[in-house]
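Data first, discussion second: the structure below is written as structure tokens.
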Amino acid sequence: MGVSETYERGRRLLVERPFLALVVVVGVLLFLDLLYKLGTGAVGIATVVGHVWNGTVIGLIIGLAGIGLSLTYSILGFANFSHGDYLTAGAFSGWATSYLVAGLGSSADLAALFLLTASPRAVGVTIASKPLAVFLGLGVAVVFTVVLALFLDRVVYEPMRDAGGISLLIASIGVALAIRYAVVFVYSTDIRGLTAGDVPRSRLTIVDGAVVIDAHEVALVVGAVALMLGVHLLLQRTTLGKAMRAMADNKDLARVTGIPTERVITATWIIGAALAGSAGYLIALKRGAMNYNLGWVLLLLIFAAVILGGIGSVYGAILGGVAIGVVNNLSLVWIPSDFARVAAFLIMILILLFRPEGIYGGVKTA
Amino acid sequence: MSDAADAGRATETEAGTDGRDASAEYPLRVEDLHKSFGGITAVEGASFRIEAGSLTGLIGPNGAGKSTTFNLVTGVHKPDSGAVCFGDEEITGLEPHEVANKGLVRTFQIARQLDEMTVLENLMLAPRSQVGEVLWRSVLPGARRGVLAQESTVRDRAWEMLDFFEIDHLAEEFAGNLSGGQRKLLEMARALMTDPDMVLLDEPLAGVNPSLEKKLLEHVHELRADGYTFLLVEHDMDVIMNNCEHIIVMHQGRVLAEGTADEIRSNERVIDAYLGENV
Amino acid sequence: MSGGGFALADARSYFRDSTAATAAGVLAVLYVLLSIAAMAGVGGTVPAWRETVLVFTVYALLIVAVGMLWRYSRNDAVIIVGVMAAIYVVYLMAGVLFLGLPLNGIVNTLRRITFLSAVYAMLVLALNLHWGYTGLFNIGVAGFMAVGVYTMAMLSGPADIALGLPLPVGIVGGVVAAALVGAIAALPALRLDADYLAIVTVALSEIIRLSYNSTVFQSSIPRLRLAGITLLPSIPVGTGGGQGIRTPTNPVRALYYKDPGDTSAGLTDLGEFAFGAADGVSVTLIGGQGVQPPVVIALTYVLVLVAFVAGFYWLLIRVGNSPFGRVLKAIREDELVANSLGKDTQRFKIKTFMLGCALMGLAGILWRGSTGFTQPGDYLPIQTFYVFLALIIGGAGSNTGSVVGGIVFATLLFEGPTTLARLIPELLQRLFNTQLGSPPSTFVGAVAPIAQLDLTPLLAYSLRNISTLRFILLGVLIVYMMQNRPDGLFGHRKEVAAGVDLRRPDRDTGAGAATDGSESG
Amino acid sequence: MSDATDATDATDATDATDATDATDAADATDGAAADRTVGGETAVAGDDAPLLETRDLDAGYGDLQILDGVDMYVDDGEYVTIVGPNGAGKSTVMKSVFGLTVHMGGEVIFDGADITDRKPEQIIHEGLSYVPQNENIFGTLTVEENLEMGAYILDEVPQDQMRAIYDRFPILEERETQKAGTLSGGQQQMLAMGRALMLDPKLLMLDEPSAGLAPDLVDDMFDRIDEINDAGTSILMVEQNAKEALRRCDRGYVLVQGQNRFENTGDALLDNEEVRREFLGG
């Protein structure tokens, strides 16, 4: 590809799609600026690597949650604004279990354990010290969120199957409020510290510094990747998974073919909620603290990931999640931390404006 | 047989440009339109023109490209190549509202009434360039007087139109509550409220019962006598044959033949096209 | 046709009408609750049945009156005033009979519900222009409010991070800024499908809130540097960050105080008169403490708000009942039709989006205008959802519905639960002579006694956390409305978008009708 | 008469809606024996009762009535074509049989059972498959997955049937792992038919199988339909390409304005001047 051709394409881009051209220019400038900063030593290489690692960890969680959102979007046909609160429900139910398991026999009373008000130091949950508690907690997070999602489908969404996407979207806002404040009713709005004790960690030395990776992050990455692999196998190999993709592709034809659409919808909720519940539990594990807003705050980032990856695409959701996570963290090179989310939202808006089909556009639930 | 051949030949010569002032005699001229959707060619070199004051029928088997042609002319789709001229202007690729504002207005195959608006509102929406469509004029006390004056005129016209189509008893009904046939009448009435030079009717009789169909056609003839030009897409051949003095047959994205009802009826190529033969 | 028979037939017919039935149902619940309370409240010396009958009669009349208004009033303003009046009566009786509030407290309660009703009525009217009229699914209301309020505060606020311009400049600036942000959002976003527009607008409102929350802009707008080059110099105007920002002094105070910022400078003549009268007259009438100056000021401010509600209503009725409004409705119903009839729908959408955002900004300014302070936490997405729920209750598409929706939301859903939470302990005290006791501090503490069939700790806990339960109630209500009454109280009502009476013109009035007459006569 | 009603009831009782019934259907397709027992019972109703019958069927969309008293039947093993001018309601007949329209009157009997008010996902259990005109494949699934979806109601994919379909349409086997959306128009049509054949239906309904195909592919498509019919599957087909369709079928209907105006053997219809005129209006 010759220089003149590249130039010609650039010129056409500038004339036909000035907004897009502007975005490209800003992106290039930022990249040059990053090189400049690395060159002058204003930003260390280890810092950048650290941002990328942290972003990837958060991004995997976002991607994990995004799969469910993407599935419900493509199969039920609406943007589920309560999806973030499924994460919250999973996190609280799972952590209550972890505390009960870990704290049994300790001095803390059951109520304090259930309400997560027992001193984290006294309970001392980490993946290393109480692996069983963590494992059971994750399991309960999954089961509880699935049951909750199926209940809500029955009560809220099933009577509205024929309603439009907007009606369902508004209803899901109502569901989001109800879940979130049910959590508040039980757990109050206070922040709960969760993990305490020595988490095994290792320092990776990189050129001009070090990046710290702890066991919880590793557990999270392993868990998230395993779950993603599981979903991949489910969708690709099982008949049910294929039916889900078929239904996302063409609902009418799915009916004509004899696919029981209601059963597929149930499966969609089960998978989406299971992933959401585990994502909620895992992110609380990584952060070591949570409050009732955990999922709601993540929701827009999850939307950003799904939109970035292309609605309906499972791999897109994962890739989009990692991309959003990395952007969220890497943006710290230029902007203060209270703007990190702003950067992620801006990227989402730009994607919607210039490439609404997403980076994985056109592919559905695969 | 020779008639048919004549008709075919006539098409070819007339479609070409000639020296006469075409804009006055032929308000709508379509030249060599092409359009494909993702590899599937829908219209492949369609050319025709519509005579002023005529009632022209556009027919063709399923998938002949009639609807796409319609959408290309009215700006819903943009042609890949070719030109559409209306009056003495080229309107190729204009937005639908720009096309409508030139005086070329369409109806839809499946009536698209505005459900939660009354029949009167539907009609009063249509007139072009209403003063009150400018926000500040509608709001500011002084300017609003002019708006209200025009509103009265528009209302009176809307009532005349309702009387003409004999749906005045439905004036205050939500359009969504109308029957299929009534919706078709409303659709045509609404198009006429824009005071167009030419109306494109996309299957105005689909789902209309025979007595209403007769009435609707009477209206079309009456309006044509008043100087309106009509292009009518319809799959009911009886209607086309009995009402249109000029008929254009499309097949596989092109104009296959043109002529009077008798010429079309005896054109072997048209018969073959309709029975599914490759032409 | 006896009077009683007539009323009965009417009652039957409007109860069949589910719109009225819903309204009546809400009132009926309150009616029963308060009637029970009334019986309990007069258990002592006064003969119980007299007051019971009185309360029953008042509420029965209220329900019938509101139902009648709903069904028969052709005048929407009468409906709005009627609903508001009925709610006043409910609150008045609750305050006087059960809470035993002093006059000042009662006036303040009514003032507060009016204030909230007015604020929500304005916001819902603005949102109705977007969603109800044009079908633009904007769920970033809170963000546009924030832009209005913050711009005003930064232009004319008292803080040293503000520019100190006159208040009118600040207000106009805030409204214009909200409109401009709306325009920036609208230009590209209006091409999107409704659900994408929803995500974009809610993300935008969060971007706005997070920006105001950031420490970066706390005391000044810093210079912008990229690759070592300064693109923008620093500007000495700040947002106050997470600590919030002071808004200009409530201008109403200038009516009563010589120096609105400093009460020690003394009262104006009007102040002397009004404060004296409010205190004196009420003391003479009822005795005890009269209405106090802060309440008088707040009441005056509410009057200003009510005037603005009327202004919003007037403006939006005008916009709606015009060819402009007709195009908006057509866009909502089917944009392609409007487009094919020659309407440049994109332009209409952008104008409408800007106008609606400007009104949201103004409503925000009026909301925070008397409080002297605002912070980013005032503009959480929940604020938007409040407005949306109010619009759904009122019925998208109807301006009257918007106002009624705002009132019903503010008084019954927003303030109602907290008021009930104050009433219930009183009722229990009087009815069963039981005290709830201090509520348990945790959920487990509240639930555990259920094993001993003791529900009071849970009740006490619930009452203490009534604001949490209110959110759950709102969530459930949103779902209920979408499932059962997506049209709300006033949706699907014929509110014809035209500037003139659309009935068939009289044959012998006007010149235009003459031709008509000759044709069809 | 009473026998007939009994028979209908009996079949109603075997109404296939849940998992256990799916197994029944599986049995039915796997071994013809199970199938014949049901068929034998219904045969008592009338020795030569047709496989599919519509009686005075009225149907449409929303409040718009399209079909106006359609009486049609397809015998076991027969190849029946519906032709007619644009907008006559040809596709609507098929959709109505398959429970995809608003039913407004009359009834649909399939294999002795009244299926008038059943949903498509129930009807498919009866041995009736349908290939819609447009969007009749899952474009994002592979060819193989599309075929598997055709047998979704069975517990496992019937490998012998899959084999038979690959033998009939070898191109599908070549493209087995390719995304169906990337196939050519003709291949997509074959895939759609293959998908519908996965349950080895008694009756295959095809809506304009030649639509959108290049002229040289149309003949090939009709040849394949002949083969399917020769193998014992009854065919009900709607076609725009009336000449070719009538030439090939056993019997044809001409549908005009929602009513079946003519019924005869294909050749007889082709020779009928009135029919020819009907296509171009009187």
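Every chain is numbered from 1 and lettered A, B, ... according to where its sequence line falls, protein lines coming before strand lines. We use all heavy atoms of the structure for the numbers below, so side chains are in, but hydrogens, waters and symmetry mates are not.
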inquiry  = I need the minimum non-hydrogen distance between D/M149 and A/I259, along with the two atoms involved.
reply    = SD-CD1, 3.6 Å
ask   = Do other residues, nucleotides or ligands put more than 12 heavy atoms under 6.0 Å from D/Y61 OH?
value = yes
inquiry  = Using 0.5 Å steps for rounding, measure from the OG1 atom of A/T257 to the CG atom of D/N136.
reply    = 9.5 Å
inquiry  = Would you compute the distance between atom CG of D/N146 and atom NZ of A/K242 and round it to the nearest 0.5 angstrom?
reply    = 11.0 Å
note = Bottom line for D/F98: the part with an atom under 4.5 Å from chain A's heavy atoms is side chain
request  = Evaluate the side-chain proximity of D/L100 to A/D252: yes if any heavy-atom separation is below 4.5 Å, no if none is.
outcome  = no
D/Y130 side chain reached by A/L253 side chain, heavy atoms, under 4.5 Å = no
query = Rounded to the nearest 0.5 Å, how far apart are CG of A/D249 and CD of D/E145?
reply = 11.0 Å
message = Tell me whether D/R163 at atom CZ has more than 12 heavy atoms from other residues, nucleotides or ligands lying less than 6.0 Å away.
response = yes
request  = With a 4.5 Å cut-off on heavy-atom pairs, point out which of A/G258, A/A246, A/A243 contacts chain D the most.
outcome  = A/A246
inquiry  = So for D/I137, is it side chain, backbone, both, or neither that comes closer than 4.5 Å to the heavy atoms of chain A?
reply    = backbone
key: Part of D/E135 lying under 4.5 Å from any heavy atom of chain A   = both
